[in-house]
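The first residue in the sequence is number 1, and the count goes up from there. These numbers were taken from a predicted model, which means no experiment stands behind them.
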Amino acid sequence: MARAATTTDAFNAVAEPRRREILDALAGAELSVNDLVERLGVAQPVVSKHLRVLREVGLVRVREDGRQRIYALEPGPLRAVYDWVRGYERLWTERFELLDTVLEQLQADTGDDENEGEAP
């Protein structure tokens, strides 16, 4: 089965860890390619390649500022990713509730042990 191109949708685009790092960086502010290169510590061609993919799926927009190209996050396409992940939120909530129950029981047991041997 052929793998889908990375430029088809947000799911494919964010599957690559470096692209997620770029999105994380752009979530806080608009940045130039040079800013991203400095923050991520990777070569400019690598950053440009990933920005091209992110731009093609609509996750970033670019504007010219003199000789620089400034990139900004476009969160709209991430909605599909969020909606998909949200379907699993119930499972996480159930597990956290079970963990809370176990921690409360451990705390209650520990509290009982601390009082053992003390005179009433």
Side-chain angles (χ1 to χ4, degrees):
M1 183 169 163
R3 185 172 169 203
T6 57
T7 56
T8 57
D9 63 26
F11 288 95
N12 287 319
V14 300
E16 209 292 322
R18 188 67 71 191
R19 290 188 204 123
R20 291 194 303 270
E21 288 179 359
I22 291 171
L23 293 174
D24 288 345
L26 293 174
E30 293 183 333
L31 296 170
S32 70
V33 174
N34 289 338
D35 292 335
L36 288 166
V37 166
E38 187 174 310
R39 279 187 186 213
L40 302 176
V42 295
Q44 186 272 332
V46 173
V47 171
S48 292
K49 178 187 77 170
H50 289 305
L51 284 170
R52 180 186 55 79
V53 172
L54 294 170
R55 196 177 58 246
E56 288 179 9
V57 298
L59 283 167
V60 298
R61 69 176 181 278
V62 62
R63 67 177 172 83
E64 302 286 332
D65 184 23
R67 294 177 57 181
Q68 289 190 320
R69 301 184 80 176
I70 307 297
Y71 287 85
L73 178 68
E74 283 287 344
L78 288 175
R79 182 66 193 207
V81 176
Y82 173 76
D83 288 344
W84 181 77
V85 170
R86 193 173 61 187
Y88 294 92
E89 185 176 8
R90 180 184 51 83
L91 298 172
W92 297 334
T93 300
E94 289 173 3
R95 290 181 183 189
F96 282 127
E97 288 173 357
L98 286 172
L99 180 60
D100 284 345
T101 301
V102 169
L103 291 173
E104 288 171 7
Q105 184 62 47
L106 285 172
Q107 190 173 27
D109 291 347
T110 302
D112 290 344
D113 291 343
E114 289 176 0
N115 294 330
E116 283 185 19
E118 291 183 14

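- Counting only distance, with no hydrogens or angles, the side chain of E74 and the backbone of G76 share no donor-acceptor pair below 3.5 Å.
- Smallest separation of non-hydrogen atoms from G58 and P77: O-CG, 3.4 Å.
- Looking at every heavy atom in both residues, S32 comes nearest to I70 through CB-CD1, 3.8 Å.
- Between the side chains of T101 and Q105, no donor-acceptor pair of N or O atoms lies under 3.5 Å.
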Step by step, work out the salt bridge (charged side-chain N to carboxylate O under 4.0 Å, His left out) result for D83 and R79. CA-CA 6 Å; D83 288 344; R79 182 66 193 207; 3.0 Å; yes
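- Contact of the T93 side chain with the E89 side chain is registered, since non-hydrogen atoms from C-beta on lie closer than 4.5 Å.
- Listed here is the closest heavy atom pair of L73 and A27: CD2-CA, 3.9 Å.
- In summary, E30 and R63 engage in a salt bridge, as defined by a charged side-chain N under 4.0 Å from a carboxylate O.
- The cluster map of Ile, Leu, Val, Met, Phe, Trp and Tyr, joined by side-chain heavy atoms under 4.5 Å apart, puts Y82 and W92 in different clusters.
- Follow the hydrophobic side-chain contacts under 4.5 Å out from L91 and you reach V81 in the same cluster.
- Contact record, L59 with V14: CD1-CG1, 3.9 Å, taken as the closest heavy-atom pair.
- Counting all heavy atoms, side chain and backbone alike, V33 lies closest to L51 at CG2-CD1, 3.8 Å.
- L103 is not connected to L98 by any chain of hydrophobic side-chain contacts under 4.5 Å among Ile, Leu, Val, Met, Phe, Trp and Tyr, and they are in different clusters.
- Around CZ of R20, the count of heavy atoms belonging to other residues, nucleotides or ligands within 6.0 Å exceeds 12.
- A donor-acceptor pair under 3.5 Å is absent between the side-chain atoms of D65 and the main chain of Q68, judged by distance alone.
- Considering only heavy atoms from C-beta on, L23 comes within 4.5 Å of V60 through its side chain.
- With values rounded to the nearest 0.5 angstrom, R69 atom CZ is found 15.0 Å from L31 atom CG.
- To the nearest 0.5 angstrom, L54 atom CG is 12.5 Å from R18 atom CZ.
- Between R55 and Y71, the closest side-chain pair of non-hydrogen atoms falls below 4.5 Å.
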Using side-chain hydrogen bond (donor to acceptor under 3.5 Å, both in side chains), reason through Q44 and S48 one step at a time and then give a plain yes or no. CA-CA 6 Å; Q44 186 272 332; S48 292; 2.5 Å; yes
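- The closest side-chain donor-acceptor pair between H50 and R19 falls under 3.5 angstrom.
- For R95, the CZ atom is loosely surrounded, since the number of other residues' heavy atoms within 6.0 Å does not exceed 12.
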